Amino acid sequence: MGGKLFRNFSFLSATLSFFLLVGIFAILFTYAQEAMHEFGFDFLFTEAWEADEDDEGGIFGGYVPIIGTLLSTLIAMAIAVPLAMGIAIFLTEIASDAIGKPVSIAIELLAAIPSIIYGMWGLFYFAPIVQSTVGGNGVGLLTAGIVLAIMIIPFMAAISRDAMNTTPLVLKESAYAMGATKFEVIKDVIMPYSKGGIIGSIILALGRALGETMAVAFLIGSVMSIPGSITDPTTSIPVLLANNFAEAQDLEMSSMYFLALILFVVSFIIISTAKFYFLGRKVKG
Amino acid sequence: MGKNNLVMDIKDFSFTYSGAEEPSLKKINLPVLENKITAMIGPSGCGKSTLLRAMNRIHDLYSGNKYEGLINLYKADGSKENILDLKKENDFIKLRQQVGMIFQKPTPFPMSIFDNVAYGLKLSGIKNRSELEGRVEKALQGAAIWKETKDRLKESALGLSGGQQQRLCIARAVALKPRVLLFDEPTSALDPISTGAIEELITELKEELSVVIVTHNMQQASRLSDYTAFMYLGDLAEYDKTDKIFLNPSKKLTEDYITGRFG
């Protein structure tokens, strides 16, 4: 009796998550219909985001937020991947316990800081630094990209570190026993062995960077224009949605659902790929 | 070949692990003869693996261990060096190219069969493709695994069976033409048939190099080795020709161990 109840309960919980996923997709898809019919594929390449005077219609395009999202994520990844790999390698292979342990804990704590704190810190402290060193007016693509990088580095470094730590000791020792240097062991044994986990961490971080709203809303400038230089302000999909949701109606609202659908699909593909890599690793190991 | 030349010589060697109060090895004296197989036997924790791992300084991957005494390695030209004097990474690399090591579990690298065997050669600076190919083939033949692998050199080494992987690891070590090859219980993770193949291979290898093997398997020690060292609680209890150790040991302790009264 108890067993059956428990079974049904677990079954329900498990299927619920699946229905939620499908349900959210269906809602986004339904509400996006109006914009999809109105603009079609041109939506992806239209720069304008202008409501008519009467708020009944207008021209809405996803080009600027899509480009803004992609560029800020690209900057973040370009900075974060090498640094996170460096941290992970340092923690697994180079640092002594006396240094490695506190750094490891600090990394995990950094990963737990809410994104609004990164946003505030970025706006009040970091943006002026960017302004005085690189130029621009502080907020913009570069500032958002760098702070995004700082946000995802701890996460990426922690997962990569765990993946590298799974390299069997005896495998490393046998590379050293062949006359390999520490660098060669890292490059030829540890990196290939933990490839699955490392790629997984990168893809999960990518998903997080794409969807990050709060910190980017503070830092990207929220301007509906294609950036001419790396320090120019622009906007991103989550930021545009968060800023406009309160006032939007009808076609604009539908266009925002369209944007949300695009972000949903892209993130879904990215997370599924990460999942695939993690699973692939389990099967092999 | 008939002569009993030393290839390594361990003298008054003591070893203390980082953080330990007591030394794990106490004043060990053990000769390693050229083109012979020397087996190290003894109950778990007697220090045989610790001694083996000192002979290529693999202990030095972890800091804080203490060495005393000396371990001489005799070069082909007759000169000798005390490997405990080595300090630089470069010197360790040279040492490990001369004193190779095979581990308990097969440890193929996550790369192709060819690249596994070529790995040590590439590290030692050989870049010429045809030379690499020649030496890889020779090493695979030497490790009696050429027939099974010659059509799949580009495939991942992880697809081989456990016994094949271990022979690949031996090929990988042999490719560097080491003077000494250290085996740390090389068959403990293998089935009897693979074990037989590895033992046969080790016997053939002594034509080319000198072997030191740590084993828990007394039959293996008596089948394979020319000399046997029996270790107990960090001491070298007895060292002699294998026949002597197994048929007529001079110490009661050795006799009790090989007859299975403890261990």
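Reminder, nothing fancy here: chain letters follow the sequence lines and each chain counts from 1. Source: prediction; values computed, not measured.
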Please indicate whether [X] has more than 12 foreign heavy atoms, meaning atoms of other residues, nucleotides or ligands, lying under 6.0 Å from its [atom1].
| X | atom1 | result |
| --- | --- | --- |
| A/K101 | NZ | no |
| B/K66 | NZ | no |
| B/Q141 | CD | yes |
| B/E200 | CD | no |
| B/Y62 | OH | yes |

Could you tell me which non-hydrogen atom of [X] sits nearest to which non-hydrogen atom of [Y], and how far apart they are?
| X | Y | answer |
| --- | --- | --- |
| A/V189 | B/P110 | O-CG, 4.1 Å |
| A/Y176 | B/I58 | CB-CD1, 4.0 Å |
| B/I93 | A/T181 | CD1-CG2, 3.3 Å |

query = Can you tell which of B/M101, B/E89, B/Q97, B/R57 has the highest number of heavy-atom pairs within less than 4.5 Å of chain A?
reply =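 Of B/M101, B/E89, B/Q97, B/R57, B/E89 has the most heavy-atom pairs under 4.5 Å with chain A.
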
Heavy-atom contact with chain B under 4.5 Å, split by part of A/K182 =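 Interface part for A/K182: both.
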
key: Spacing of B/D184 atom CG and A/S174 atom OG [to the nearest 0.5 Å]   =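 So the CG of B/D184 and the OG of A/S174 are separated by 12.0 Å.
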
query = Once you round to the nearest 0.5 Å, how far does CG of A/L169 lie from OG1 of B/T107?
reply =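 Rounded to the nearest 0.5 Å, the CG-OG1 separation comes out at 11.5 Å.
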
query = Do B/F109 and A/L171 come close enough that some side-chain heavy atom pair is under 4.5 Å?
reply =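 They are in side-chain contact.
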
ask   = Is the shortest heavy-atom distance from the side chain of B/M111 to the side chain of A/D188 under 4.5 Å?
value =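 B/M111 vs A/D188: side chains touch.
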
ask   = Under a 4.5 Å heavy-atom cut-off, does chain A meet the side chain of B/P178, its backbone, both or neither?
value =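 Neither part; nothing is under 4.5 Å.
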
ask   = Going through the checks in order, is the side-chain contact (heavy atoms from CB on, under 4.5 Å) test met by A/M178 and B/S124?
value = CA-CA 9 Å; A/M178 305 282 306; B/S124 71; over 6 Å; no

key: Side-chain ion pair, B/R53 and A/E173, N-O less than 4.0 Å   =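 Here B/R53 pairs with A/E173 in a salt bridge, since their nearest N and O are under 4.0 Å apart.
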
